[in-house]
Student: 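Questions regarding the structure given below will be posed in turn.
Small disclaimer: the values here were computed from a predicted structure and weren't measured. The chains referred to below are lettered A, B, ... by the order of the sequence lines, with proteins before strands, and numbering in each begins at 1. All values below were derived from every heavy atom in this structure, side-chain atoms included, with hydrogens, water molecules and symmetry-related copies excluded.
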Amino acid sequence: MGLARSLLIKAISLFAVLMIVMGIIVVILGFSGYSDRLLNAIVTQQTNAFALSLPEGTLPEARAQMIADYETTLTEAYGLNVPWWGRLPSMVWRVLSLDLGEARTAQSYAGSKNINAIILERLPNTILLITSAIVISVIIGLFVGIKAATVPGSILDRVTSYFSAVSYAMPTWWIGIIFILVLAVMLRWFPTGLMYSAPPPEDPLMRFLDVLWHAALPIGALTLGLSGIYIYQTRTVVLNTAQEDFVSVARAKGLPENIVRRRYVLRVAAPPLLTNVILGLAGSISGAILTETVFRWPGMGLLYYNAIFTADEGIIVGLTFMFTLVYVVARFVLEVLYVALDPRVRY
Amino acid sequence: MSDVSLYYETLRGPVQAVDSVNLEVPKGEAVGVVGESGCGKTSTSICIMRLLPDNIHTFTGRILFDGRELMDMTDSEIRSQIRWREVSMVFQGAMNSLNPVIRVGEQIVEPLRVLDKVQKDEARERGVARMRQTGLPAEAYRMYPHELSGGMKQRVIIAMALIMSPKLVILDEPTSALDVSVQAQIMNLLKDLKREEDLSMLFISHDIALTSDLCDRFAVMYAGRVVETGEAEQVLQDPQHPYTEKLLASVPRLRSDVTPEFIPGAPPDLVNPPPGCRFHPRCPYVMDICSKREPEMFPTGDGQYAHCWLRGDEHG
Amino acid sequence: MPTRTQEALQEFWATKVAKVGVVFLVTLILISVFVLVFYPLNFGEELWNNPIVWADNPKAVGPSWTQAFSSQAQAEHLIFELPEPVESDFSQGFKRQLFQVSFLFEADDFPQFTSFTMRDVQFQEDPPFVTLILHRPDGEAIILLDVDIPYPEPEDSPPYVFYSEDPRRIYLSGSPAVRLAVATFARRQLNMEVLVSDIAAVGPEKFMFGVPSSQGGRATDVLKGEYTLSVLVEGVHADDAMGSARFVVAGQLFGLMGTDNLGRDLAVGLLFGFPVALFIGVVTSTLTAGVGGILGVISGYKGGKVDMVIQRTVDILNNVPLLPILIFLLFIVGSSLWNIVILLVVFGWTSLTIIVRSMVLQIRDGEFIQASVALGAGTRRIIFRHILPQVAPFILAQLIFFTPSAILAEAALSFLGLGDPSIPTWGQILDRGFSDGALYLGYWWWIIPPGILIVIAAVTFVLIALGFEPVINPRLRRRR
Amino acid sequence: MNMADVMLIEDIRMHYQVRTGIFKTIPLRAVDGVTLAVPPGQTLGLVGESGSGKTSLGKLTLRLMEPTAGHLYFKGKEITHVPEGRLKWFRREAQMIFQDPFASLDPFMTVDQIVEEPLIIHRIQGRESKVHRALEAVRLTPVEEFINKYPHMLSGGQRQRVAIARTLILNPSYIVADEPVSMIDASSRVSVLQILSRLQKEYNLAFIYITHDVATARYFSDRLAVMYLGKIVEMAAADELISTPLHPYTAALIAAVPDPDPTNRLTKRRVIPGEPPSPINPPPGCRFHPRCPYAAKICRDEEPPLREVEPGRYAACHFSEKLQDDLLTLAHGHVDASSGRSAQPPTGASPKP
C-alpha cells in the first residue's frame, strides 16, 4: 500500500511537471505573439477551405458575406478576439487533450495535416531508435564498466577512462556524420540516411532487414556516444559499492567472487546505476533530434528540426509537449523499476 | 599465529600494521585482543581470514588452524574450506555489514545455500533456529536491514556468523556502535553462545573492561605488536608489561575509587616506528636497552608472557 | 606535512589524464590569445559573412597539404598582384600601359576559375581600352576580353577616376565575352567543334589551359608550361592609366584547411572558433556553477520556504527534456550568443544545487559549524569562512565538468541552425557544411576538422574533470 | 533554586515536527519538561543513551536551538527567546565542546586560525599572546610545534585539546561538554578530562558534561542527572547516584557497565530487555515501564513526577523507596552465569609496577 502511494506521489509530481512545462510554453507563445500568428494561420486556412467548399453558383456578395461570417465564427471559436491570456485555459486544455491542430507544412505519409496523425506516425520510429541505442549502451556500459572496476588501475581501466572521456566529449551527431562520410559515402556499406530503401521491399522480412540496415548507423552513433558515459558511471558506482563493508563481509562468508559481485556489488549498485540511466534518458531524447536530423530518420526529432525551419508553430508546440510527455512517462517507468530494486525507498 | 607480519604500502612508505605477532586461541576459549586505535588489532584478524586489501607490502609468518597451515593454502582453498565454515567474523560497524537490498534471512543462510548447497526450506529452518538463539523473532527473517534496530542488526550478524557452526568466531568491536544497555545484552548473548556452542572466540576491542566481560585470555597490542599475553586473571590483576599496567590504570572505574591516570605521549607512526621496544618513548621504566634491542617474549607466569626487558631481567 | 590544498594538487597532478588535459588547455588558451590579438572583434560581420572578402578563393576545395597524398598534381591556387605596368609610354597622343605576369602551370587538373580585378582607372575624356590576352606555352594567344569601362556621368568633371574605392572584379569563368572568345579560339586554333554553350557548361578554363584530348570529342587535356597574361591599357591622354590589377587562377586546393562553398578559408574560421568555444564554455560553466552553488548554499543553509521554492524549481527543470525546450525557447527569443549562454545556465544549474544543498545540510549540522555558532559567529562569517571553503573545491570541479557540456550544447544548437550568425563557431561551420551537402559530396575537410576541434575542446575539460575526481572522491584514488 | 546559579533551566521543552506522510506530522519530544540548575564551579553530568535528549538539552541551554516552551536563565538573565543578534554577550560567556574532534574543527583552518576565531568574532585585541596562553593551558606545548598545523595532522586527543583551547580563550563561565572523550583513545581520555578539571578549578567554570559513559561521568561530575526519553529520571550527587541508584533505569544503566575484572566473564550481567524506544511515540505513564522489571499497573497509568526521595536526591519512580535494596543488587551485584546467584561487587584490580 505504501508502495502504491509513493508511486502515486511520483505520478502526480511528474504530471505537475508536464502541466507546468505546458503552461510555460503556452505563456511564452502567447507573450511573444506566436500564438496569435499560429491561430490566424489556422483561421485563414480553414476559411480558404470553406471558400473552396462553397457551391459554384453562389453570388459573389453572398459568398463574401458567408466567408466573412465563417471567419468571424472561427475567430471567436479560437478566441482570437480576446488577448492571448484570455485563451490560456482553453489552449492548455486543447494541448492536454491532445488536440494539437493542423500543421502548416508537414504532412503524414497519407497526406494528412493533422498534427496528431503526423506525430503518432513518427513516434514509433523515434522510440525504435532510442530504445535500441539505450539498451545496447547500457549493456556495454555494464559489461565494460564492471570489468574496468574489477582491477582499478589496470590497462583496461585506463583505456576505458580515456574512451569515456572522448566518448563524452564527442557529440553523437558528429559521430553520425563521420559514420555517414566513411561508411556510407566513401565505403558505401550503409545507406546515407532515411529509414527505407527508395521503394521499400514488399516482403515483411526483407522490409524489416531493410529498416535494420538503415538503422545500423544511427544506432551505432548513439551507442558510441552513450556507452562511454555509462561505462564510466558504472565503473564509479561499482568501485564505490565494492568498498562498502558488506562486500568484505560477503567475501569473509566464503562466497565465490562471482556471487559477491552479482549479489553484493551489482545488486546494490543497481539503483544508482538506474538513476544514471534515468538521467541519461534526457540526453538521448535530445540527442535524437540531432541524430535523426543527421540521418534523415523520419522520427519526431527530424520533424522538430524541419518545423523550426518552416516555422511550423503547431508542430513545435505539439512536439515539445510530446517530448516532455514521452520523457515523463519514461521517467515514471524507471521510477517504478527503482522502487522494485531498492527496498529502502519503499516507505 | 606465529611471527605474522602485515605491512601496508602507502605513499609515505610501508606501514608496519602487524609486526611479528604471536597469538594462540585455545579451543572453547575466548581471547581478547586489546589495544588503542591503529595498533593493528583489526589487521591481525584480517590475516586469519586472509581478507587482504590490495595495497599489501609484506605478508609473512605462519598461521596454524586446527593443524592446517593457512599460509600454504591457495585463495580458493581458504575461501571454500576456511572462511565461515571454520572461521567466521563479526565486523566492526554492524550498520554497514549487511547488504541493504537483500532480506536479512537470506543473508544469514547464504553461506549454507552457496557453500553446502542446502535446500531452501532446510536453510530457512536452520536460519530461523539461529535467529531464535540470538534472540531474534522469526518474522525478522523476511525483513530488510533498514527495518531493524542497531541491536537487532548486530544479532543478525552474530546469527550469520554462527550459521555454518564454525570453530572460531572473530568479533571485531562488535558493540562499539551500540548503546550501553544493548551492549550488555549482546555481551550476555556472546557469553551464552560461547558456553552452549563450545566456541573459540577472538574478541577485538579497545575497551579492556568490556573485554574482561567475555575473555579467558588477553593479548595486549601496542603499535603493531603483541606486548603481553596471559590469562584474564594474570593480565588484569598482575600486568607484567608497563603498557598493560598503564592502560588498566587509565580506565575510569565505576565500582572503586582509584583515580584514573593517563599515558603521556602518543602512539608512534607505524611507517617509522621507534627502534627497540616500541613503547619505550612513553614508558616510565625505560632503560638503556629498551631503545636498542627489541625485547623477546619473556615468560612471566604460567602461560603469561611479556615483551619487556624488565621481565627479561627477572626471569631470563 | 603538506596542507590540504597541496595534497589535493598533488593528487590531481598524479593522474595522467589531468596532465594531458592541462597541456591541451594551455594550447587552447595560447591559440585563443593569438586569435584575439590578430583578429578584428567583429570578425563575423566584417569578414566571415562578407562574400567579397572570399570571392577570389576557390570554392569548396580541399587543403593544399592533401597534394602529398594525391597521385595527381592538383592545381595550386595562384593569385597575381600586378602593382604597376611593365611598360608605359605616351607618344603621338597615344598612351599605352602593359601589365604582364608569367607563370608555370604544371597541374594535372584545370583551374577552378579565373578572375581579373582592376583598380584606379583614370582618364580625361574617353575611357581607356583594357584588353586581356593569355599567351599559352604552345605559342598561341587568346584575346580573352576587352573590358568595357563606362563613360562618366555628365555632372562629373575630369579627371575621372573609377574603381578606386570599389575595385572592379571580373569573374572570367562566367563572362559571356570570355566564353565567346574562348569558343572562337577553340574552333580556330584547336580545331574543336565547341559551342559557347559547351563552354558555359564546363568552364572556359578547360580550353584556355587545354589541348584536345587523345580521347577525342570535346575533351581536353591540360597544356602544361609557361603562360603569360598581358593586360593592355590604351588611352589618349598622358595620365590615362590603370593603377593596379590582380589576376587569379583558382586552384583545386587551398590553404591549410581548404575552403567552403563560398570560398571562405576554413582555417581562418576554425581559428576564430577557439576563443569563441572557450568563451562559451567558461562563461556558461562559471555562471552555471555560480548560480548553482549560490542557490545550493542558500537552499541548504536557509531552509524553510526559500529552500522549498528552490527545490520545486529544481524538480521541474530536472524533469524537462532539455534540448527540445532549449530549441523552442531559442527559436522564440532569437539566437544570439548571450541568449544561448543564458538559456544553458537557466537549465544547467540544478544538478549542482542539489548536491551543494545536501553538502551544506551536512556541513551545517556538522560540529564545527555549531561550534562557530556557539562562539557567536554571524551568518556571513559561517557561510564565507566555514561553508564555502568546504564546498568550493566541489563547485570548482563541477565548473570544469560543466564546460564541455556547454561547448557541446552550443555546438549542437549551432548545428541545428540556431547559432549566433554574427559569430562563427565550429558548430555553425559544421551546420553550413551539412546543410550544403558537403557530407554527401565527400568534402571531408569541411566536416571533420570542426568536429575534431569541438571534441578536443570538450575532451580537454573532461580530462581535467577526471583528474579532479579522485581529489573529490577519495574512494576512486588509484592505489600505487 | 537560587539565582546565583550560572545556568537555570525551567521546565524546558523541545518538540520537533516529524513528517511521516505527505500531510501527517507527529511531534517528537526530544526534551520534555526538564528543570535543572548549574552552580558556578560545578559539573552537572547528564547521562543517557542515544535518543534520550541529552544533547538536545545541552544545545538548548546554549541557545543553539530555540526551545518550544520553558525558560532559560543565564546568570539571572532570561535568554529563552532573545534573538541571536542580541546574544553576543552570552556567546562570550557560554561555550560548547563537541563529541567528535575530527568534525568540530574546520579542516581548512590551522590550529592558530581555529583558536583565534573567537577573538576575531568578538573583536578582542592581543590575539597572538592569548592564543599562545590558551594552547599552553591545554598542554599543547611547545606551542610553535602545533600552531601552524592543520587538524588532520593531529591525534584525536590533540584535536580535542585544540577545541578546548578555542572555547577557553574567551574566559567563559559556562561550558557544555558533549561527550568530549568518547571518540578518544582510552589512554588520552583521562588527560583531556584532567585538563578540563584543572581549568574548571582555575576559572570557576560551570560544566554540563553530557555522556553515555557512567564511569567517566562519575569521575568528572559533581552531580549526575540521568535522562530517559526526554525526561530526567534521577538526579543526585555523582557518588550517591552510582553507589545507590533510586531509579530502575539508573540501576540498569550502571549494571550494564563493566569494570576490568577477570571474574566478569564467569557471570552474566543483569540487563534490561529491549532497546530505548523512539521519542516519537513514547509509552504512556512512566516512559520506562515497558522495559522495567518492577513495572506495576500504576506505572502504565500515571507518570511519576521527579520528586525528592531523600534529601538532595531526586527520582521519578513510584517505587524508589521500596526498591532501594533491589536496585543496589541490580546495579552492582553479578548473577552467576549458571546458577543466577548473586555475587559480591569486586573491589577492583590492583595494578602494580
Student: Does a side chain donor of either D:Thr216 or D:Tyr209 reach within less than 3.5 Å of an acceptor in the other side chain?
Tutor: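 D:Tyr209 and D:Thr216 do have a side-chain donor-acceptor pair below 3.5 Å.
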Student: For a quick check under 3.5 Å, do D:Gln324 and D:Thr244 share a side-chain donor-acceptor pair by atom type?
Tutor: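 Not at all, the side chains of D:Gln324 and D:Thr244 share no donor-acceptor pair under 3.5 Å.
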Student: Please determine, by modelled atom types, if B:Glu173 and B:His206 share a side-chain donor-acceptor pair under 3.5 angstrom.
Tutor: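 B:Glu173 vs B:His206: donor-acceptor pair found between side chains.
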Student: Quick one: does any side-chain atom of D:Glu275 pair with a main-chain N or O of B:Gly151 as donor and acceptor, under 3.5 Å?
Tutor: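 Yes.
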Student: By number, which residues in residues 221-229 of chain D have some heavy atom less than 4.5 Å away from chain B?
Tutor: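 Within residues 221-229 of chain D, no residue comes under 4.5 Å from chain B.
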Student: B:Gln234 versus chain D, heavy atoms under 4.5 Å apart: side chain, backbone, both or neither?
Tutor: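 Neither part, no heavy atoms under 4.5 Å.
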Student: Taking 4.0 angstrom as the limit, do D:Arg269 and B:Asp213 come out as a salt bridge?
Tutor: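 A salt bridge links D:Arg269 with B:Asp213.
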Student: At a heavy-atom distance under 4.5 Å, which candidate from B:Pro264, B:Pro260, B:Ser149, B:Ala232 has the highest pair count against chain D?
Tutor: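 Highest number of pairs under 4.5 Å: B:Pro260.
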Student: Quick one: which of B:Thr211, B:Leu254, B:Val182 has the most heavy-atom pairs under 4.5 Å with chain D, could you say?
Tutor: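 Maximum pair count with chain D is reached by B:Leu254.
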Student: Heavy-atom cut-off 4.5 Å, strictly under: side chain, backbone, both or neither for D:Gln194 against chain B?
Tutor: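 Contact with chain B: side chain only.
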Student: Keeping the roles fixed (side chain from D:Arg189, backbone from D:Ile184), state whether a donor-acceptor pair exists under 3.5 Å.
Tutor: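 Yes; judged by distance alone, with no hydrogens or angles, the pair exists.
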Student: Mind telling me whether B:His146 and B:Tyr144 have parallel, tilted or perpendicular rings, with 30° and 60° as the class edges?
Tutor: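 If you compare the ring of B:Tyr144 with that of B:His146, the planes turn out parallel.
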Student: Which atoms of B:Leu214 come close to chain D, meaning under 4.5 Å heavy atom to heavy atom: side chain ones, backbone ones, both, or neither?
Tutor: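 Contact with chain D involves the backbone of B:Leu214 alone.
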Student: Say whether B:Thr42 and B:Asp172, considering side chains only, have a donor N or O and an acceptor N or O under 3.5 Å apart.
Tutor: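 B:Thr42 vs B:Asp172: donor-acceptor pair found between side chains.
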Student: For D:Ile242, is it the side chain, the backbone, both, or neither that has a heavy atom closer than 4.5 Å to a heavy atom of chain B?
Tutor: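 Only the side chain of D:Ile242 comes within 4.5 Å of chain B.
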Student: Would you kindly check if the NZ (Lys) or CZ (Arg) of B:Lys246 is within the cone defined by 45 degrees around the ring axis of B:Tyr243 and under 6.0 Å from the six-membered ring centre?
Tutor: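 Geometry flag: not set, cation outside 6.0 Å or 45°.
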Student: Answer with yes or no whether the side chains of B:Gln304 and B:Asp302 bring together a donor and an acceptor at under 3.5 Å.
Tutor: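 B:Gln304 and B:Asp302 do not have a side-chain donor-acceptor pair below 3.5 Å.
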Student: Measure distances from D:Ile254 to the heavy atoms of chain B and classify the residue's part below 4.5 Å as side chain, backbone, both or neither.
Tutor: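 Contact with chain B involves both backbone and side-chain atoms of D:Ile254.
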Student: Against chain D, label B:Arg217 side chain, backbone, both or neither, depending on which of its atoms sit under 4.5 Å from a heavy atom there.
Tutor: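 Neither the backbone nor the side chain of B:Arg217 comes within 4.5 Å of chain D.
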Student: Which atoms of B:Val251 are under 4.5 Å from chain D, going by heavy atoms: the side chain, the backbone, both sets, or neither?
Tutor: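 Just its side chain gets close to chain D.
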Student: Heavy-atom distances under 4.5 Å only: say whether B:Pro242 touches chain D with side chain, backbone, both or neither.
Tutor: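 Neither part, no heavy atoms under 4.5 Å.
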Student: D:Thr263 and D:Asp261: side-chain donor and acceptor closer than 3.5 Å?
Tutor: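 Short answer, yes.
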Student: Is there side-chain contact between D:Leu193 and D:Val181, with heavy atoms separated by less than 4.5 Å?
Tutor: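 When only atoms from C-beta onward are counted, D:Val181 and D:Leu193 do touch, with a gap below 4.5 Å.
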Student: So which of B:Met152, B:Gln183, B:Glu261 has the largest heavy-atom pair count under 4.5 angstrom toward chain D?
Tutor: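 Ranked by heavy-atom pairs under 4.5 Å with chain D, first place is B:Glu261.
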Student: Answer with side chain, backbone, both or neither: which region of B:Asp207 has an atom nearer than 4.5 Å to a non-hydrogen atom of chain D?
Tutor: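 Contact with chain D involves no heavy atom of B:Asp207 at all.
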